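Nothing here was measured: the structure is a model prediction, and the numbers come from that model.
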Amino acid sequence: MRRPNILLTGTPGVGKTTLGKELAGRVGATYVNVGDLAKEGELYEGFDEEYECPILDEDRVIDELEDKMNEGGVIVDYHGCDFFPERWFHIVFVLRTENSFLYDRLESRGYKGKKLQDNIQCEIFQTIYEEAMSSYKEEIVHQLPSNTPEDLERNLDQIIQWIEQWMKDNN
């Protein structure tokens, strides 16, 4: 039975990991957090001193995920989306969070200075949404609010309904 691949993307702190893990558990999908995958496999090509974080080796990430993505039923969680092959995903969800919530979430993670401000600006200017719209067919890109626990439950319900319909239509 074929199962869809889903991309959860958005600015750091919008709730991708919370949604992705819960969704995978409810539907029996494989959950992949690209940041964790990169850390485990040391899939880096350097270190960004300004943002104090490693630089992802996108080609190695793609190589690492290719077979798994071809099997289907994978939920990928990452704050960028333009380097993944378009053919991998059946739907893309861009999570969006109001700046007051996002600021508090990022600050609690230890973000400060330029890193904090740049991520807030990224959300204000819809950078990830625009990246998704230019990287994938418009009809598969959807924005979801991610501010409250109620938003999380609504998003889970909506995505599960979409998965169920996709499976009916494609099997």
Side-chain angles (χ1 to χ4, degrees), residues 5-24 29-70 74-138 140-148 151-152 155 159:
N5 290 329
I6 297 170
L7 175 60
L8 300 177
T9 190
T11 306
V14 296
K16 299 177 297 294
T17 301
T18 302
L19 177 63
K21 286 180 177 178
E22 184 66 26
L23 181 62
T30 300
Y31 170 76
V32 176
N33 178 303
V34 173
D36 292 345
L37 178 78
K39 194 179 297 178
E40 291 162 13
E42 297 182 21
L43 307 177
Y44 302 121
E45 59 181 17
F47 191 82
D48 186 319
E49 299 294 338
E50 185 176 22
Y51 290 104
E52 300 176 357
C53 64
I55 300 167
L56 190 68
D57 185 331
E58 296 172 350
D59 292 334
R60 289 179 59 208
V61 168
I62 290 170
D63 290 345
E64 188 75 24
L65 286 175
E66 187 73 50
D67 290 342
K68 190 177 299 221
M69 298 305 293
N70 288 332
V74 181
I75 298 168
V76 174
D77 158 358
Y78 194 58
H79 60 262
C81 64
D82 60 348
F83 70 93
F84 297 117
E86 184 179 359
R87 62 183 155 70
W88 277 6
F89 299 107
H90 300 96
I91 197 158
V92 176
F93 293 104
V94 181
L95 301 185
R96 302 296 311 276
T97 299
E98 293 172 19
N99 295 333
S100 58
F101 291 108
L102 186 60
Y103 188 93
D104 292 343
R105 291 177 190 176
L106 293 176
E107 201 173 46
S108 72
R109 291 181 176 189
Y111 283 42
K112 52 186 182 285
K114 182 171 175 48
K115 187 173 185 177
L116 176 61
Q117 291 306 316
D118 285 356
N119 279 289
I120 295 293
Q121 284 184 342
C122 183
E123 187 66 9
I124 291 169
F125 293 118
Q126 302 185 54
T127 305
I128 306 297
Y129 176 67
E130 289 178 9
E131 183 179 295
M133 290 296 283
S134 67
S135 300
Y136 303 95
K137 294 179 185 141
E138 285 186 25
I140 74 163
V141 177
H142 303 275
Q143 295 185 81
L144 296 174
S146 183
N147 300 300
T148 66
D151 288 339
L152 173 63
N155 292 340
I159 296 170

Next item on the list: Considering non-hydrogen atoms only, spot the tightest contact between Ala38 and Leu56 and give its length.
Entry: CB-CD1, 3.4 Å
Next item on the list: Using distance alone, with no hydrogens and no angle criterion, decide if Tyr78 and Asn33 have a side-chain donor and acceptor under 3.5 Å apart.
Entry: no
Notebook entry, point to check: Do you see a donor-acceptor pair shorter than 3.5 Å between the side chains of Thr17 and Asp77?
Noted result: yes
Checklist line | Audit row: Leu37, Leu43, side chain to side chain contact (heavy atoms under 4.5 Å, CB included) steps and yes/no | finding: CA-CA 8 Å; Leu37 178 78; Leu43 307 177; 4.2 Å; yes
Next item on the list: Taking all heavy atoms of Ala29 and all of Ile75, pick out the closest pair and write down the distance.
Entry: CB-CD1, 3.7 Å
Next item on the list: Please check if the side chain of Tyr136 supplies one atom and the backbone of Arg87 the other of a donor-acceptor pair under 3.5 Å.
Entry: no
Note to self: As an exercise, state the distance from CZ of Phe101 to OG1 of Thr148, rounded to the nearest 0.5 Å.
What the structure shows: 7.0 Å
Notebook entry, point to check: For the atom pair NZ (Lys112) and CD (Gln117), what is the distance rounded to the nearest 0.5 Å?
Noted result: 13.5 Å
Notebook entry, point to check: Just how far is it from atom CD of Glu50 to atom NZ of Lys114, taken to the nearest 0.5 Å?
Noted result: 4.5 Å
Next item on the list: Rounded to the nearest 0.5 Å, what's the gap from SG on Cys122 to CD on Glu131? Could you check?
Entry: 8.0 Å
Checklist line | Side-chain donor or acceptor of Ser146 paired with backbone N/O of Leu95 under 3.5 Å | finding: no
Notebook entry, point to check: Does Asp48 reach the main-chain N or O of Ile55 with its side chain, forming a donor-acceptor pair under 3.5 Å?
Noted result: no
Notebook entry, point to check: Rounded to the nearest 0.5 Å, how far apart are OG of Ser135 and CD1 of Ile140?
Noted result: 10.0 Å
Item checked: Tyr31 to Lys21 - nearest heavy-atom pair and separation -> CE2-CG, 3.6 Å
Check: Can you list the steps and then say if Arg105 with Thr97 is a side chain to side chain contact (heavy atoms under 4.5 Å, CB included)?
Finding: CA-CA 10 Å; Arg105 291 177 190 176; Thr97 299; 3.4 Å; yes
Next item on the list: State whether the number of non-hydrogen atoms from other residues, nucleotides or ligands found under 6.0 Å of Lys115 atom NZ is greater than 12.
Entry: yes
Item checked: Arg96 side chain to Gln143 backbone, donor-acceptor under 3.5 Å -> no
Notebook entry, point to check: Taking all atoms of both residues into account, what is the closest heavy-atom pair of Leu102 and Asn119, and its distance?
Noted result: CD2-O, 4.3 Å
Margin query: Quick check: closest heavy atoms across Leu23 and Ile159, and the distance to 0.1 Å?
Written below: CD2-CG2, 3.5 Å
Next item on the list: Any chance you could measure Gln126, atom CD, to Thr11, atom OG1, to the nearest 0.5 Å?
Entry: 10.0 Å
